[in-house]
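Here is the structure we will look at.
All values reported here derive from a predicted model rather than from experimental measurement. Just follow the structure's listing: the first ligand is 1, and inside any ligand the first atom is 1.
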Amino acid sequence: MKLSFTKSFGTLLLFIFLYSPSLYSGEGIWLPLFLKSLNEKEMKSMGMKIKAEDIYNINKGSLKDAIVQFGGGCTSEIISSQGLLLTNHHCGYGYIQSHSSVANNILRDGFWAANKGLELPCSGLTATMIVRMEDVSTEVLMNTNDDMKDSERRLIIDRNIVEVQKKIQKKNYEDVMIRSFYNGNQFFAFVTITYKDIRLVGAPPESIGKFGADTDNWVWPRHTGDFSIFRIYANSSNLPSEYSPDNIPFTPRHFLPISLDGVSKGDFTMVFGFPGRTNEYLTQEGVRQIVEEQNPVRIKIRDEALKILDKHMRADEKTKLQYSSKYAGIANAWKKWIGESQGVKQTKGLERKKTQDDEFQKRVNADPKFEKYRSIISELENSYKELQPLAIAKEYYSEGFQRNIDLYNCYARIKRLITTFEGKSEKAFDTERLKMRNDAVALFKDVNISIEKEVFKTLLEIVIKGVDPALRVPYIMDKMRLYNRNYAQYTEDLYSQSMFTNSDSLRKLSELTYNDWILKVKADPVWMFYEELNYFLTYGIQNRAGLLEDKIAGLRRTHMKALMEVFPEKRFYPDANSTLRVSYGQVDGFSPKDGMMYKTQTYLDGVMEKYIPGDYEFDVSDKLRKLYETKDYGVYAENGKMPLAFIASNHTTGGNSGSPAIDAHGNLIGLNFDRVWEGTMSDINYDKSICRNIMLDARFILFIIDKYAGAGYLIQEMKLVHPKGKRKKGKMQLGNF
Ligand code: ARG
Ligand code: ASP
């Protein structure tokens with residue numbers, strides 16, 4: 001090849017500019033279908049050794065065949081030819097809990113099925129794989145245009161989707177779902193296959209799987225052994241079937257080999273899974289409202305609820321058991337929102353958004369063909385501002401009276417019963433009523449009414465004082481006047497006069513015939529409280545908010561389309577929407593604060609540093625301490641230390657939990673389970689300077705299975721590899737490597 005010096009130098013510069021790893025932003029939750037055209041070059045420049053078609057291929061087994069949506073909300077991956085499934089401990093938690101009892105507390109003690117016959121069926125648990133995806137935008141958007149009203153557009157789209165769904169080719173055991181991408185500008189169809197016989201194979205004790213619990217949640221440096229193991233079962237044709245003792249382990253098209261060689265700073269990593277929701281293309285005002293208006297309200301309310309729960313949980317063992325799962329749920333989002341707002345502030349995220357909005361506006365103003373986009377940013381801003389008081393009121397009511405109040409669950413349950421059965425036969429109602437009677441105990445199993453009252457009273461006061469006076473619920477305000485704003489007394493009366501506050505009265509209620517039942521229900525003060533709240537939410541707030549929300553959705557769709565036209569040189573990934581995605585990045589630390597640096601890897605040594613004997617978050621079992629003292633790490637150690645977790649710049653979000661971290665060769669290197677707290681703003685403003693995902697080191701998982709649990713027979717099923725050639729000398733008892 002003959003090129004002049006300047007030309008080849010220019011090409012080189014361009015190449016460096018486009019593909020230099022240091023320019024790589026880390027941002028992106030990419031569609032597997034387009035990796036070849038959009039990402040492969042960059043991924044290779046960052047060290048990836050496999051091809052895009054090794055990741056996603058519908059004609060032969062590829063990495064995607066090992067990626068499984070776990071129970072709807074998490075990700076998992078297949079790690080053996082016999083359908084062994086790896087996911088997080090916090091993803092398997094409910095199923096581990098459902099097999100736990102006081103006599104056999106496997107949540108506390110861990111569980112390892114000694115053979116397949118002892119694996120535990122998990123009713124309701126599903127494992128979904130993607131057979132293929134297809135762009136169906138043309139078909140779904142047929143007969144729509146930019147000028148039509150949004151409501152009209154939606155009707156047409158809904159109709160088109162039904163047609164497309166019928167036309168997609170699929171086997172009778174497969175499903176089709178159609179999802180909107182780029183805020184409604186594109187549509188993809190997914191053909192999926194869902195397995196329904198999933199069994200629990202193994203889980204470490206909580207002291208490992210949940211080590212550090214809420215204190216360490218979202219935190220780096222991290223030492224949580226957040227994993228659990230399941231197995232997919234299929235019928236004799238390897239197809240989905242409900243649980244049956246005759247089912248056999250599923251044979252996958254592909255499973256992930258596991259690397260024993262670990263990672264070092266700068267290594268290529270990729271996370272493949274089902275991220276839930278992001279909003280990366282908001283304008284400045286959109287982000288501002290989240291971090292400056294919405295989050296503070298949510299945080300303020302949860303601060304108080306959590307303070308009360310924590311006080312009681314620390315004082316009483318039974319309460320701790322009852323509330324730990326609820327507490328974890330409330331605390332998880334609460335802590336994330338705090339990190340999100342702080343991260344945007346620290347990295348000047350709003351200024352960054354402003355610069356982006358301004359650049360967009362500049363280009364739009366400069367080109368007559370973009371005339372139709374000229375007012376989009378200001379229209380969005382105006383609509384957001386108009387919506388704001390309504391959105392904030394909604395936030396107060398949902399956080400203050402629904403999300404953190406158990407009484408609401410009871411009301412919601414009865415409400416469902418009524419709306420489903422109003423006007424239907426009494427017989428149908430009777431069956432449901434009996435179910436309700438049986439459920440009554442479960443509904444209150446984890447409720448302590450005196451704690452609930454304390455929470456309700458406290459949140460009531462916050463809501464009344466915080467909500468815009470024009471958006472207060474008249475019924476509740478009447479009560480407040482009647483009680484002279486004595487929140488405690490009102491709460492006391494509400495709870496003591498209601499039948500919705502304990503299982504006995506709820507059971508008694510369900511003894512009644514429909515007519516008596518409905519009279520009692522409708523006279524109940526808790527029922528009235530929530531009915532009035534609902535009525536106000538619907539007719540006092542949502543009737544206006546809904547219109548604005550629709551308008552904003554339409555504007556965001558146009559804005560997204562405009563961004564893609566106005567910045568043709570940029571690559572755009574669609575926001576996460578619980579569909580299969582790839583993120584990639586590099587193992588990398590960062591500076592969370594001036595003068596401080598986070599390293600990339602943690603070790604078992606850190607567990608011992610955090611160890612607090614007897615503490616419910618930081619206790620360490622004798623067995624693990626012994627392994628640490630004798631350094632009995634088998635082949636899983638690195639320079640005499642046991643690696644535990646690492647961080648990298650993969651762009652992830654909720655739903656990515658349980659996703660595999662994959663190395664340059666397509667091997668499993670870690671298990672994604674969290675993000676660093678400083679960078680939780682990545683859902684609305686990814687910034688490589690502080691956004692990192694946290695993964696459990698695959699070697700730690702193997703160490704726990706093999707050395708801690710003595711379940712080496714599971715390791716024999718797996719394929720362990722040495723992609724970096726770091727094979728260790730010495731005898732290996734287990735594994736096929
Ligand atoms: N922060 C992680 C995620 O968002 C882990 C959550 C586990 N729950 C907890 N409260 N520790 O799902
Ligand atoms: N912990 C999250 C999950 O469960 C992952 C994240 O938000 O980073 O999906």
Side-chain angles (χ1 to χ4, degrees), residues 26-27 29 67-77 86-94 96-97 107 203-204 206-220 222-228 269 271-280 302 305-306 309-310 313 320 323-340 343 404 575-581 583 585 616-618 645-661 670-684 686 690-696:
E27 178 170 359
I29 298 179
I67 314 303
V68 178
Q69 193 164 30
F70 183 86
C74 278
T75 307
S76 58
E77 53 277 356
L86 177 64
T87 190
N88 289 145
H89 188 268
H90 78 261
C91 295
Y93 199 85
I96 308 168
Q97 189 176 37
L107 210 47
E206 260 190 304
S207 62
I208 293 173
K210 209 181 159 180
F211 182 75
D214 289 300
T215 301
D216 265 13
N217 189 26
W218 300 112
V219 164
W220 186 256
R222 188 62 159 278
H223 301 89
T224 314
D226 196 346
F227 80 97
S228 59
T269 56
V271 172
F272 203 176
F274 294 87
R277 210 46 8 273
T278 58
N279 281 294
E280 307 289 351
R302 291 199 180 193
L306 288 167
L309 298 190
D310 184 65
M313 283 165 74
K320 202 205 94 190
Y323 278 83
S324 70
S325 177
K326 201 181 302 178
Y327 186 93
I330 300 176
N332 191 39
W334 164 80
K335 202 164 177 182
K336 194 205 118 167
W337 295 325
I338 298 176
E340 185 173 78
N404 301 299
D575 268 317
N577 59 355
S578 295
T579 59
L580 186 63
R581 302 295 182 90
S583 311
Y616 83 91
E617 296 186 299
F618 293 101
F646 61 97
I647 48 174
S649 55
N650 303 292
H651 189 174
T652 56
T653 185
N656 265 128
S657 272
S659 299
L671 178 64
N672 186 73
F673 70 100
D674 212 355
R675 278 171 286 163
V676 300
W677 183 70
E678 294 82 354
T680 49
M681 63 167 187
S682 61
D683 288 349
I684 47 174
Y686 184 95
I690 56 168
C691 294
R692 294 290 180 278
N693 67 315
I694 306 180
M695 294 147 284
L696 187 58

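Ligand 2 has an N or O atom lying under 3.5 Å from an N or O atom of Ser657, backbone or side chain. Polar contact check, Gly655 against ligand 2: a nitrogen or oxygen pair lies under 3.5 Å apart.
Below 4.0 Å from some heavy atom of Trp218 lie the following atoms of ligand 1, by number and element: 1 (N), 4 (O). Interface of Asn656 with ligand 2, defined as ligand atoms under 4.0 Å from a residue heavy atom, comprises 9 (O). Interface of Asp674 with ligand 2, defined as ligand atoms under 4.0 Å from a residue heavy atom, comprises 1 (N), 8 (O). Near Asp674, the atoms of ligand 1 lying under 4.0 angstrom from a non-hydrogen atom of the residue are 1 (N), 2 (C). Atoms of ligand 1 found under 4.0 Å from any heavy atom of Ala328 (numbered from 1 in listed order, with element): 10 (N). Proximity to Asn217 (heavy-atom distance under 4.0 Å) selects the following atoms of ligand 1: 1 (N), 2 (C), 5 (C), 6 (C), 9 (C), 10 (N), 11 (N).
Shortest contact from atom 12 (O) of ligand 1 to any protein heavy atom: His90 NE2, 3.3 Å. The single protein non-hydrogen atom nearest to atom 10 (N) of ligand 1 is Asp214 OD1, 2.9 Å, given as residue, atom name and distance. Looking only at heavy atoms of the protein, atom 3 (C) of ligand 1 is closest to Asn332 ND2, 3.7 Å.
For Trp220 (side chain) and Trp677 (main-chain N/O), no donor-acceptor pair under 3.5 Å exists by modelled atom type.
Only the side chain of Trp218 comes within 4.0 Å of ligand 2, counting heavy atoms alone; its backbone N, CA, C and O stay farther away. Residue Asn693 does not touch ligand 2, judged by heavy-atom distances below 4.0 Å. By the criterion of a heavy-atom distance under 4.0 Å, neither the backbone nor the side chain of Asn88 is placed next to ligand 2.
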Report the C-alpha distance between Val68 and Phe274 in whole Å, list the side-chain angles of each, state the deciding distance to 0.1 Å, and finish with yes or no for side-chain contact (heavy atoms from CB on, under 4.5 Å). CA-CA 8 Å; Val68 178; Phe274 294 87; 5.8 Å; no
Pair Tyr93-Glu206, side-chain hydrogen bond (donor to acceptor under 3.5 Å, both in side chains): steps then yes or no: CA-CA 10 Å; Tyr93 199 85; Glu206 260 190 304; 2.9 Å; yes
For a side-chain hydrogen bond (donor to acceptor under 3.5 Å, both in side chains) check, start with the C-alpha distance between Asn693 and Asn672, then their side-chain angles and the critical distance, and finish with the verdict. CA-CA 7 Å; Asn693 67 315; Asn672 186 73; 3.0 Å; yes
From CA spacing to verdict: side-chain contact (heavy atoms from CB on, under 4.5 Å), Leu671, Glu77: CA-CA 9 Å; Leu671 178 64; Glu77 53 277 356; 3.1 Å; yes
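In this structure, Phe618 and Phe211 have perpendicular ring planes: the angle between them is above 60°, well past the 30° mark.
Of the residues listed (Arg277, Lys336, His651), the one engaging Asp683 in a side chain to side chain donor-acceptor pair (under 3.5 Å) is Lys336, and it is the only one.
Residue-ligand proximity: Tyr327 is placed with every non-hydrogen atom at 4.0 Å or more from ligand 1.
Scanning both residues, Val219 and Thr215, for their nearest heavy atoms gives CG2-O, 3.8 Å. Listed here is the closest heavy atom pair of Gly655 and Thr75: O-OG1, 2.8 Å.
For atom 8 (O) of ligand 2, the candidate residues are Lys336, Arg692, Arg675, His90; the nearest heavy-atom contact is made by Arg675.
Residue Asp575 holds its CG atom at 11.0 Å from CD1 of Ile684, rounded to the nearest 0.5 Å.
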